[in-house]
Protein chains: 2
Amino acid sequence: MHKRDSAARLDAYEAVFTALAHAARRRVLLAVYFNGGMMSAGEIAGTFSHAWQTTTRHLQVLERAGLLSCEKKGRMRIYRIEKKRLELVKDWLDHFFRKP
Amino acid sequence: MHKRDSAARLDAYEAVFTALAHAARRRVLLAVYFNGGMMSAGEIAGTFSHAWQTTTRHLQVLERAGLLSCEKKGRMRIYRIEKKRLELVKDWLDHFFRKP
DNA sequence: CCAACATTCAGCCGTTACGCTGAATGTTGA
DNA sequence: TCAACATTCAGCGTAACGGCTGAATGTTGG
């Protein structure tokens, strides 16, 4: 199980850091967070000037990375921020800041 | 000065998150850190299986992002980790974890 | 001075990222 | 039922990324 877990963790790092690499996706996370942690795809797309189809793809990247989860609510999709997943980044950083 | 500072900060985020987006570059930072914070380009390249010219480019990305600094020492180049710059990531994360 | 060495520079090349647009899907309200 | 709406899917072009290789640069020891 060790091997699997650490492999999974490596993939998780990969997904999370890749997701955070784009300014638009970082902005999405901030927007959702400061909107109370939940926002519909349309609201999110509305905060950007580029085509909402483009935002859709960013949302998918964030969801695949586990940084957003989404729930269908009628004809709209509500995205929720997954703060826990952001802690992966914290964990990685702690390699450098942890006291000996 | 406010405008300039915040613009610079945005660029800094961009550079840092982009640099961290690649597993090889994250590995470089960890390697340097656990080697006492300093390592020559050759030593770093030695920890990878791909051509060292490829590592060179990764090192440049990290240096441009301010995550590594480098000092010429004779015929070798010593890279030092810039922990302070890593704190930018911490700062960004704190948006989500700061107590109200 | 010169050969060996440490490293970078320049350019090729296949793959992926990200913007766009034009459908398609699925849901709601009248 | 049907039109309006919210959202995603599929495909296209361009630009960037990351691997490679073949030089070029600069430094050292003998």
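Within every chain, numbering begins at 1; the chains are lettered A, B, ... in the order of the sequence lines, protein sequences first and strands thereafter.
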Please walk me through it: do Tyr79(B) and Val28(B) pass side chain to side chain contact (heavy atoms under 4.5 Å, CB included)? CA-CA 10 Å; Tyr79(B) 283 92; Val28(B) 166; over 6 Å; no
Does one hydrophobic cluster hold both Phe17(B) and Leu88(B), with members joined at side-chain heavy-atom distances below 4.5 Å? yes
Cation-pi between Lys83(A) and Tyr33(A): NZ/CZ under 6.0 Å from ring centre and within 45° of the ring axis? no
From OG1 (Thr18(A)) to OH (Tyr13(A)), nearest 0.5 Å: 14.0 Å
Check the phosphate of dT8(D) against Tyr79(A), side-chain N and O only, distance under 4.0 Å to OP1 or OP2. Yes or no? yes
Hey, which sits more toward the 5' end of DNA chain C by its nearest nucleotide, Thr56(B) or Val61(A)? Thr56(B)
Separation of atom CE in Met76(A) from atom C1' in dC5(D), rounded to whole Å: 9 Å
Verify same cluster id: Leu59(A), Trp52(A) (apolar side-chain graph, 4.5 Å): no
Whether Gln60(B) contacts dC9(C) is assessed here as follows: a side-chain N or O lying under 4.0 Å from the phosphate OP1 or OP2. Is that the case? yes
To the nearest Å, give me how far apart CZ (Arg75(B)) and C1' (dC5(C)) are. 5 Å
In numerical order, the residues of residues 45-53 of chain A whose heavy atoms come under 4.0 Å of DNA chain D are Trp52(A), Gln53(A)
Co-membership, hydrophobic cluster, residues Phe48(A) and Leu67(A), 4.5 Å side-chain: yes
Output the rounded distance in Å from CD (Glu71(A)) to P (dT7(D)). 13 Å
Interatomic distance where CZ belongs to Arg64(A) and P belongs to dA17(C) [whole Å]: 9 Å
dT7(D) C1' sits how many Å from Leu59(A) CG, rounded? 10 Å
If you check every side-chain atom of Thr54(A), which of dG19(C), dT8(C), dA6(C) has the closest atom? dG19(C)
His58(A) side-chain N/O to dA17(C) phosphate OP1/OP2 under 4.0 Å: no
What is the distance, rounded to the nearest whole Å, between atom NZ of Lys72(B) and atom P of dG26(D)? 7 Å
Do the charged groups of Arg77(A) and Glu43(A) touch, with an N to O distance under 4.0 Å? no
Between Asn35(B) and Ile44(B), is there a side-chain heavy-atom distance shorter than 4.5 Å? no
Can Phe97(A) be reached from Trp92(A) by stepping across I, L, V, M, F, W or Y side chains whose heavy atoms are under 4.5 Å apart? yes
Spacing between Leu62(B) atom CG and dT7(C) atom P, to the nearest angstrom: 16 Å
Taking the axis from the first five pairs and the axis from the last five, what angle separates them in the helix from dC1(C)-dG30(D) to dA30(C)-dT1(D), rounded to 10 degrees? 30°
Can you pull out the residues from residues 13-43 of chain B that lie within a 4.0 Å heavy-atom distance of DNA chain D? His22(B), Arg25(B)
N-O pairing of Glu63(A) and Arg80(A) below 4.0 Å: no
Within-4.5 Å side-chain heavy-atom neighbours: Arg85(B) and Val16(B): yes
Please state whether the rings of His58(B) and His50(B) are parallel, tilted or perpendicular, taking 30° and 60° as the class boundaries. tilted
Donor-acceptor pair under 3.5 Å, Arg57(B) side chain vs dG18(D) base: yes
